[in-house]
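Structure first, commentary second.
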Number of protein chains: 2
Amino acid sequence: MKQTASSHNYHHGDLYQSLLLTATEMIAEGGTESLSMRKLADRVGVSRTAPYHHFKDKNALLCAIAEQGFQRVEALLQEVQTRESSEPLATIFTQYVHTYIELAYKYREQYDLMFGRDIWRNGTPTESLLNRSKQHFKSWLNWIEYLCEQKVIQSGDSVLRTAQVYWATLHGLCRLLNDGIYTEQSQLNEMANTAVDMMLKRQKAD
Amino acid sequence: MKQTASSHNYHHGDLYQSLLLTATEMIAEGGTESLSMRKLADRVGVSRTAPYHHFKDKNALLCAIAEQGFQRVEALLQEVQTRESSEPLATIFTQYVHTYIELAYKYREQYDLMFGRDIWRNGTPTESLLNRSKQHFKSWLNWIEYLCEQKVIQSGDSVLRTAQVYWATLHGLCRLLNDGIYTEQSQLNEMANTAVDMMLKRQKAD
DNA sequence: CAATCAATCTTGACAGTGTCAAAATATTAC
DNA sequence: GTAATATTTTGACACTGTCAAGATTGATTG
């Protein structure tokens, strides 16, 4: 009973990709909680336990999705640095902050997953995810170092601490937005500007 | 079959308080996830559904616990303001930041609950919790306003935005710590200092 | 004191969850 | 074609939140 069309009889073909894609969709729709292995399997058209041959765990699946999120923010960071020739650094930094927040909001559920308890407290992050997240912070640190050298942003005693605090600020803003504590996005744009003002090196101070 | 001792035969006495207390303990031990209504009931020595006569929901129970957390931070904020006569404002502010972070770490699981998805996304915050959290931010805002007036901390265009961004920074730091992204507390003390430096009004700037 | 009522607690039940073990099926290698 | 391997399925288990109906108690009447 073989079908010439490459459709789903028994072996699905590329279940791995299908699972990853559909799971990402489901999370985008209703958050991590609305994603159950069983519903996912259903939606992909496969039995309950089939996913377990492609992902060891639900945790592993979540890590894979989070990893894609980190790829995205890393890509943004890289891309933004290529604009250096055409724009002043302060402008680029400002743009980055705004875009980061926009991304975190657009993919809010995935963002929550990336930094949330599901992975970092309940589950255990995959080696792969761990590497990618560390790598991303390293990229951020490098950029901040560069911006400090160029006297674009204000730095305290240690550049490392500065990078940490600035990222904490950025992350804090995103969480505020995502957790619905300040729901209005208009407010958040202003907040982002205030934050940027705080970070940028001032020309003069009275 | 009545017992003279006031112990648990059928009516427990003050189940409400017992539940609240035990649930808080369980959360402190293993986070929100390790708290199930059934295990809680077991531990208190009562049947599965008994808690439902004192808390409408698991959500309601969580909200009650979160509310206690807000009471604690509100108390800290109030207490800190009484020190004004004996210490300079900048010192008080610095102390507050450090204490806030310490509290958030000491009661990390409860802190996560206070600002986490469980309540603000999955569940729906109780009216009572909503009021208390709004009230607390108002207190914070008032204090920041005062500190701005006294030229103790740096302010951007809007005091409201400043209060929001500063709180976001503080909150971001706590999450970094609590989510185990920067596990070492020594680092966090330095980070707190860097953050405070960023907020305090500088005497001179070059 | 006895009887009623409301508060409180229990048992039973249902649908849902993650995931393990064993069996079934398809694909690939020889 | 047969054997080995990869993939999928069915069955099962322990766990979850919570609803409905019944049991037990303490308080409130007469």
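Remember, it's a predicted structure, so these values are computed and weren't measured experimentally. To find a chain, count down the sequence lines: A is the first, B the second, and so on, and within it residues start at 1.
If you run side-chain hydrogen bond (donor to acceptor under 3.5 Å, both in side chains) between B/Tyr111 and each of B/His171, B/Lys106, B/Arg72, B/Arg175, only B/His171 comes through. Looking at B/Leu113, B/Leu129, B/Thr126 one by one, the single match for side-chain contact (heavy atoms from CB on, under 4.5 Å) with B/Leu62 turns out to be B/Leu113.
For C/dT11, its base sits under 3.5 Å from the side chain of B/Thr49 at one donor and acceptor pair at least. Between the base of C/dG18 and the side chain of A/Arg38 there is a donor-acceptor pair shorter than 3.5 Å.
D/dC15 atom P lies 18 Å from atom CE of B/Met37, rounded to whole Å. Nucleotide D/dA21 holds its P atom 17 Å from the CZ atom of B/Arg48, rounded to whole Å. Going from atom CG of B/Asn122 over to atom P of C/dG16 covers 18 Å, rounded to whole Å. One can place CG of A/Leu15 at 14 Å from C1' of C/dA26, the figure rounded to the nearest angstrom. Rounded to an integer number of Å, the gap from OH of B/Tyr16 to P of C/dT8 is 13 Å.
Classification of the B/Phe115-B/Phe70 ring pair by plane angle, with boundaries at 30° and 60°, yields perpendicular.
B/Glu149 is not listed as a side-chain neighbour of B/Val159, based on a closest heavy-atom distance of 4.5 Å or more.
For B/Lys58, whose side chain is taken as the heavy atoms from C-beta onward, the closest listed nucleotide among C/dC9, D/dT18, D/dT8 is D/dT18.
Each of B/Pro51 and A/Ser36 lies near DNA chain C, and the nucleotide nearest B/Pro51 is the one positioned closer to the 5' end. Comparing B/His53 and A/Ala50 against DNA chain D, the residue whose closest nucleotide sits nearer the 5' end is A/Ala50.
When heavy atoms are screened at a 4.0 angstrom cut-off, A/Lys39 is found touching the sugar-phosphate backbone but no base atom.
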